[in-house]
Amino acid sequence: MHSLFKTIALVGRLNTPALGEPIRRLAAMLEEGGIKVLIEQDIALEHSIADYQKVARDHIGKLADLVVVLGGDGTMLSVARLLAPYRIPLVGINQGRLGFMTDIPLHEMEATVSNMIAGQFVPEERILLETTILRDGQPISTSLAFNDVVFSRGSIGSMIEFEIFVDNQFVYSQRSDGLIVSTPTGSTAYALASGGPILHPSLPAITLVPICPQSLSNRPIVVADVPATRAIVTP
């Protein structure tokens, strides 16, 4: 088997008894093609897979050239956030209820993966959001989001009031239950349910979607050219 990738890691959704057999099947196919196979250690332990090298999920980015994710979109999202700094391509096999990103059906797994690692694919890049929480001007937490970042009133009974700035330019002040800052990938999730627009996955843009705003003038907006954009929400 001719492959563009020398080392491929397999990651799956935990607590899924039916996952053991397809992982073994896919690992055997890849190994027969001369590819080094890594199995995420929690999945290997859950399904008693001992024939391949086990690797912790947070070490996969340092070792693999490609990651195949067996699960639903939730599994894909968590793996994508973890591996984003390494810019490693991901392939999704749908083993869950939703399959917007994990769109390869299980019964086509071997044929599709075999074709993809031979070069028959069109790469698609998705943007992520990097979010930093400041307290008294000092960063206390930074994380990546594939779908969205939600600024919410939490357990407070009343609405909250805050201001929105994009690239240090004031956009508007708002009283609402919160705000959803969404990537194009996340535009079909919480943002859509709150009345936001759907963006094509390839667009370098984000949406700002108010959650139950008090004012009719505060509607969802799209911010383009996000690689040069910084959005700040100030309480």
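Along the sequence shown, residues are numbered consecutively beginning with 1. Just so it is clear, the values below take in all heavy atoms, side chains as well, and ignore hydrogens, waters and symmetry mates.
- Neither Ile43 nor Leu45 shares a network with the other; the hydrophobic side chains, linked directly or stepwise wherever heavy atoms of I, L, V, M, F, W or Y lie under 4.5 Å apart, form separate groups for each.
- In this structure, Asn147 and Thr185 have side chains that are in contact, with non-hydrogen atoms separated by less than 4.5 Å.
- The list of side chain to side chain donor-acceptor pair (under 3.5 Å) pairs with a residue in residues 39-60, not counting sequence neighbours, reads Lys36-Gln53.
- Annotation: the span from Leu192 atom CG to Leu199 atom CG amounts to 10.5 Å, rounded to 0.5 Å.
- Atom CD1 in Ile180 sits 6.5 Å away from atom CG in Asp148 (nearest 0.5 Å).
- Closest of all the heavy-atom pairs between Gly61 and Tyr86 is O-CD2, 3.4 Å.
- Distance check: Gln174 CD to Phe151 CZ gives 9.5 Å after rounding to the nearest 0.5 Å.
- Across Thr132 and Pro139, no two heavy atoms sit closer than the pair CG2-CB, 3.7 Å.
- Here CD of Glu161 is found 15.0 Å from CZ of Arg153. Values are rounded to the nearest 0.5 Å.
- Cluster partners of Ile133, using a side-chain heavy-atom cutoff of under 4.5 Å among ILVMFWY residues and allowing indirect links, are Ile140.
- In this structure, the side chains of Leu208 and Val223 come closer than 4.5 Å at one or more pairs of heavy atoms.
- Counting all heavy atoms, side chain and backbone alike, Ala64 lies closest to Ile88 at O-CD1, 3.4 Å.
- Contact of the Leu90 side chain with the Leu83 side chain is registered, since non-hydrogen atoms from C-beta on lie closer than 4.5 Å.
- Connection of Ile127 to Ile221 is established within a shared hydrophobic cluster, with ILVMFWY side chains joined at heavy-atom distances below 4.5 Å, either directly or through further cluster members.
- Between Ser114 and Met29, the closest heavy-atom pair is N-CE, 4.3 Å.
- Taking CD1 from Ile8 and CD1 from Ile117, the interatomic distance works out to 4.5 Å, rounded to the nearest 0.5 Å.
- Counting non-hydrogen atoms of other residues, nucleotides and ligands closer than 6.0 Å to CD of Glu125 gives a total of 12 or fewer.
- Follow the hydrophobic side-chain contacts under 4.5 Å out from Ile164 and you reach Leu129 in the same cluster.
- Between Phe5 and Pro89 the shortest side-chain heavy-atom distance falls below 4.5 Å.
- Hydrophobic clustering (ILVMFWY, side-chain heavy atoms < 4.5 Å, transitive): Ile49 and Leu14 are in one cluster.
- Between the side chain of Thr16 and the backbone N or O of Arg13 there is at least one donor-acceptor pair closer than 3.5 Å.
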Checklist entry - Going through the checks in order, is the side chain to side chain contact (heavy atoms under 4.5 Å, CB included) test met by Val181 and Ile206? => result CA-CA 7 Å; Val181 183; Ile206 60 173; 3.9 Å; yes
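- For Ile211 against Leu179, the heavy-atom pair with the smallest separation is CD1-N, 3.9 Å.
- Taking the charged nitrogens against the carboxylate oxygens, Lys6 and Asp65 have no contact shorter than 4.0 Å, which rules out a salt bridge.
- Screening residues 203-215 for side chain to side chain donor-acceptor pair (under 3.5 Å) gives Arg175-Gln214, Ser215-Ser217 as the qualifying pairs, with residues at least two apart or on separate chains.
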Item to check | Val11 vs Leu70, side chain to side chain contact (heavy atoms under 4.5 Å, CB included): CA-CA, chis, key distance, verdict | outcome: CA-CA 6 Å; Val11 179; Leu70 292 87; over 6 Å; no
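- Here the side chains of Ser187 and Pro197 are not in contact, with every heavy-atom distance at 4.5 Å or above.
- In this structure, Val149 is a member of the same hydrophobic cluster as Ile160, with clusters built from ILVMFWY side-chain heavy atoms closer than 4.5 Å.
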Item to check | Derivation of the side chain to side chain contact (heavy atoms under 4.5 Å, CB included) call for Met116 and Ile104 | outcome: CA-CA 11 Å; Met116 292 183 72; Ile104 300 174; 3.9 Å; yes
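- Residues Val55 and Leu63 form a side-chain contact, since some pair of their non-hydrogen atoms from C-beta on lies under 4.5 Å apart.
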Next on the checklist: Does Val113 form a side chain to side chain contact (heavy atoms under 4.5 Å, CB included) with Ile93? I'd like the steps, not just the answer.
Outcome noted: CA-CA 9 Å; Val113 171; Ile93 309 296; 4.0 Å; yes
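- A distance of 11.5 Å separates CD of Glu31 from CG of Leu26, quoted to the nearest 0.5 Å.
- Residues Phe162 and Ser176 have side chains in contact (heavy-atom distance under 4.5 Å, counting atoms from C-beta outward).
- Here the side chains of Pro85 and Leu144 are in contact, with some heavy-atom distance below 4.5 Å.
- Heavy-atom minimum distance, Ile60 versus Val67: CG2-CG2, 3.6 Å.
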